[in-house]
Amino acid sequence: MKLLVLGGTGRIGREIVAQGVARGHGITAQSRSSRPQGLPPSVAVAPADPQDQAALAGALAGQDAVIYALGFRGRGEVSFFSDTTRALIAAMQTGGPQRLIAITGVGAGDTKGHGGFFYDYLIYPLFTKNLYADKDRQEALIRASRLDWTILRPAPFTSRPGNEPFHILNAIAPGTRLSSVTPAEVARLALDCAEGGLHRHEAVFFGHGVAA
């Protein structure tokens, strides 16, 4: 497959790029820089502002699917995720590939309150609440589009695989707590969805923890 990875030089994006190359895919990594460091030699780079619809349309040419792995660091009101997603959807719906895998996270939609004590009561209210208000807007845009979409909501990131069972959930019951997932596990599921058409028109919550 030919895959465009938005945010291909970020923490999750680099893992998707590396695993995608290992699986034999043709990978294009979107980056704000024309010469990002540390990418495999076979990876094409699309230097583009992810809020620029015309630039995204150029990067989409010839691709089979898009994996959205953009991140944002900032405080206060945030519109980055909805702005970039609005531009991407417009570009995809006017001639680009139709398959979109978008990585959002725990705190979006009905995953709020299901990331474990530390995340739910410290990280979310103090650091990520505004980000996830915008990710809710992002998810709404994706659901309203005509695209062949999948939304992936990973548990809080960790560097080591958790000891608890790994779950992939499209319904979240009271008492569910998924508190860890590695970037490698996120990348693996994103690529599985791109390759196999998994979880079409579903928003799935995944990671290690307890599923009630």
Side-chain angles (χ1 to χ4, degrees), residues 5-7 10-13 16 30 49-53 56 65-93 98-157 167-181 183 185-187 189-190 193-194 198-207 209 211-212:
V5 181
L6 293 189
R11 182 182 184 188
I12 304 302
I16 295 168
Q30 173 273 330
D49 180 341
Q51 298 180 76
D52 184 336
Q53 181 182 335
L56 291 175
V66 179
I67 300 178
Y68 180 110
L70 289 166
F72 179 82
R73 295 179 181 177
R75 296 290 186 91
E77 293 299 316
V78 175
S79 64
F80 176 81
F81 298 107
S82 55
D83 289 344
T84 54
T85 297
R86 190 177 292 107
L88 175 63
I89 290 171
M92 292 179 72
Q93 290 186 159
Q98 299 303 291
R99 183 71 171 124
L100 170 63
I101 296 89
I103 300 167
T104 61
V106 57
D110 57 0
T111 66
K112 182 180 177 181
H114 294 278
F117 180 87
F118 181 75
Y119 182 83
D120 294 339
Y121 292 97
L122 294 174
I123 300 299
Y124 178 83
L126 294 177
F127 299 105
T128 64
K129 183 178 180 179
N130 287 336
L131 297 179
Y132 278 94
D134 193 43
K135 289 193 178 190
D136 282 341
R137 293 188 287 269
Q138 174 191 20
E139 290 194 1
L141 289 168
I142 294 169
R143 290 175 183 274
S145 76
R146 302 189 303 273
L147 299 177
D148 179 10
W149 57 265
T150 296
I151 294 170
L152 299 181
R153 298 161 162 176
F157 296 134
H167 302 278
I168 301 175
L169 309 172
N170 55 22
I172 305 172
T176 294
R177 173 188 52 78
L178 303 185
S179 57
S180 67
V181 72
E185 290 168 328
V186 177
L189 182 56
C193 289
L198 307 179
H199 304 295
R200 279 189 157 99
H201 289 184
E202 292 181 355
V204 297
F205 181 34
F206 64 102

Student: Donor-acceptor pair, Tyr119 side chain versus Gly113 backbone, under 3.5 Å?
Tutor: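 Not a single qualifying donor-acceptor pair exists.
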Student: Run the side chain to side chain contact (heavy atoms under 4.5 Å, CB included) check on Val66 and Met92 step by step: do they pass?
Tutor: CA-CA 9 Å; Val66 179; Met92 292 179 72; 4.0 Å; yes
Student: Is the shortest heavy-atom distance from the side chain of Ile123 to the side chain of Pro156 under 4.5 Å?
Tutor: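 Result no, sub-4.5 Å side-chain heavy-atom pair not found.
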Student: For Gln30 and Gly7, indicate whether the former's side chain and the latter's backbone hold a donor-acceptor pair under 3.5 Å.
Tutor: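 Looks like yes, one N/O pair under 3.5 Å.
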Student: Measuring from atom OG1 of Thr111 to atom CG of Leu178, what distance do you get when rounded to the nearest 0.5 angstrom?
Tutor: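 Nearest 0.5 Å value for the OG1-CG distance: 9.5 Å.
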Student: Starting from the C-alpha separation in whole Å, work towards a yes-or-no answer on side chain to side chain contact (heavy atoms under 4.5 Å, CB included) for Gln93 and Leu147.
Tutor: CA-CA 7 Å; Gln93 290 186 159; Leu147 299 177; 3.8 Å; yes
Student: Under 3.5 Å, side chain of Asn170 to main-chain N/O of Glu202, donor-acceptor pair present?
Tutor: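 Pair absent, no side-chain N/O of Asn170 close to backbone of Glu202.
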Student: If only atom types and distance count, is the side chain of Ser145 paired as donor or acceptor with the main-chain N or O of Ile142 below 3.5 Å?
Tutor: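 Checking the backbone N and O of Ile142 against the side chain of Ser145, a donor-acceptor pair under 3.5 Å is found.
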Student: Would a 4.5 Å heavy-atom cut-off, applied to side chains only, mark Leu189 and Phe206 as touching?
Tutor: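 They are in side-chain contact.
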Student: Looking at every non-hydrogen atom in both residues, tell me the closest pair between Arg99 and Leu198 and how far apart they are.
Tutor: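 Residues Arg99 and Leu198, closest heavy atoms: NH2-O, 3.0 Å.
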Student: Please evaluate residues Leu100 and Leu88 with respect to the criterion side chain to side chain contact (heavy atoms under 4.5 Å, CB included), reporting the C-alpha separation (whole Å), side-chain torsions for both, the decisive distance (0.1 Å), and the verdict.
Tutor: CA-CA 10 Å; Leu100 170 63; Leu88 175 63; 3.8 Å; yes
Student: Do the side chain of Asp120 and the main chain of Gly115 share a donor and acceptor less than 3.5 angstrom apart?
Tutor: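 Yes, the answer is positive, given that a donor and an acceptor are paired below the 3.5 Å cut-off.
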Student: In the structure I gave you, are the side-chain heavy atoms of Arg143 and Trp149 within less than 4.5 Å of one another anywhere?
Tutor: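 Yes; the side chains approach each other to less than 4.5 Å.
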Student: Can you confirm whether more than 12 heavy atoms, excluding those of Arg200, are under 6.0 Å from its CZ atom?
Tutor: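 Yes, enclosed.
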Student: Can Asp110 and Arg153 be counted as an ion pair, charged N to O under 4.0 angstrom?
Tutor: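 Looking at Arg153 together with Asp110, the answer is yes, because their closest N to O distance falls below 4.0 Å.
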Student: Please determine which of Gln138, Lys135, Glu139 meets the side chain to side chain donor-acceptor pair (under 3.5 Å) test together with Thr104.
Tutor: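 With Thr104 as partner, side chain to side chain donor-acceptor pair (under 3.5 Å) holds for just one option, Glu139.
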Student: Should the pair Lys129 and Tyr124 be classed as cation-pi, given the thresholds of under 6.0 Å to the six-membered ring centre and 45° from the axis?
Tutor: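 Output no; distance or angle outside limits.
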Student: Tell me the closest heavy-atom pair linking Asp136 and Gly109, and the distance in Å.
Tutor: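 Where Asp136 meets Gly109 most closely, the heavy atoms are OD1-N, 2.8 Å.
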Student: Taking the inter-plane angle between the rings of Phe81 and Tyr68 on a 0 to 90° scale, is it parallel (under 30°), tilted (30 to 60°) or perpendicular (over 60°)?
Tutor: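 Judged by the thresholds at 30° and 60°, the geometry between Phe81 and Tyr68 is tilted.
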Student: Treating Asp134 as the side-chain partner and Phe80 as the backbone partner, does any N or O pair qualify as donor plus acceptor under 3.5 Å?
Tutor: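 Yes, because the side chain of Asp134 sits within donor-acceptor range (under 3.5 Å) of the backbone of Phe80.
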Student: Any idea which heavy atoms bring His167 and Gly209 closest together, and the distance?
Tutor: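 Looks like NE2-O, 3.2 Å.
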Student: Any idea which heavy atoms bring Val78 and Arg137 closest together, and the distance?
Tutor: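 Where Val78 meets Arg137 most closely, the heavy atoms are O-NH2, 2.8 Å.
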Student: Just by modelled atom types, is the Thr176 backbone N or O under 3.5 Å from a matching donor or acceptor in the His114 side chain?
Tutor: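 Looks like yes, one N/O pair under 3.5 Å.
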Student: Indicate the atoms forming the closest heavy-atom contact of Ala173 with Ala212, along with that distance.
Tutor: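 Here Ala173 and Ala212 meet closest at CB-O, 3.8 Å.
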Student: Go through Val186 and Leu152 one step at a time and tell me if the side chain to side chain contact (heavy atoms under 4.5 Å, CB included) criterion holds.
Tutor: CA-CA 8 Å; Val186 177; Leu152 299 181; 5.6 Å; no
Student: Which heavy atom in Thr150 sits nearest to a heavy atom in Cys193, and how many Å separate them?
Tutor: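 For Thr150 and Cys193, the tightest heavy-atom pair comes out as CG2-SG, 4.2 Å.
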Student: Quick one: are Ile89 and Leu141 in side-chain contact, heavy atoms under 4.5 Å?
Tutor: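 Ile89 reaches Leu141 side chain to side chain.
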Student: Any chance you could measure Leu6, atom CG, to Leu56, atom CG, to the nearest 0.5 Å?
Tutor: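 The CG atom of Leu6 sits 6.0 Å away from the CG atom of Leu56.
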Student: Between CZ of Phe157 and CZ of Arg11, what distance do you get to the nearest 0.5 Å?
Tutor: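 Going from CZ on Phe157 over to CZ on Arg11, the span is 6.5 Å.
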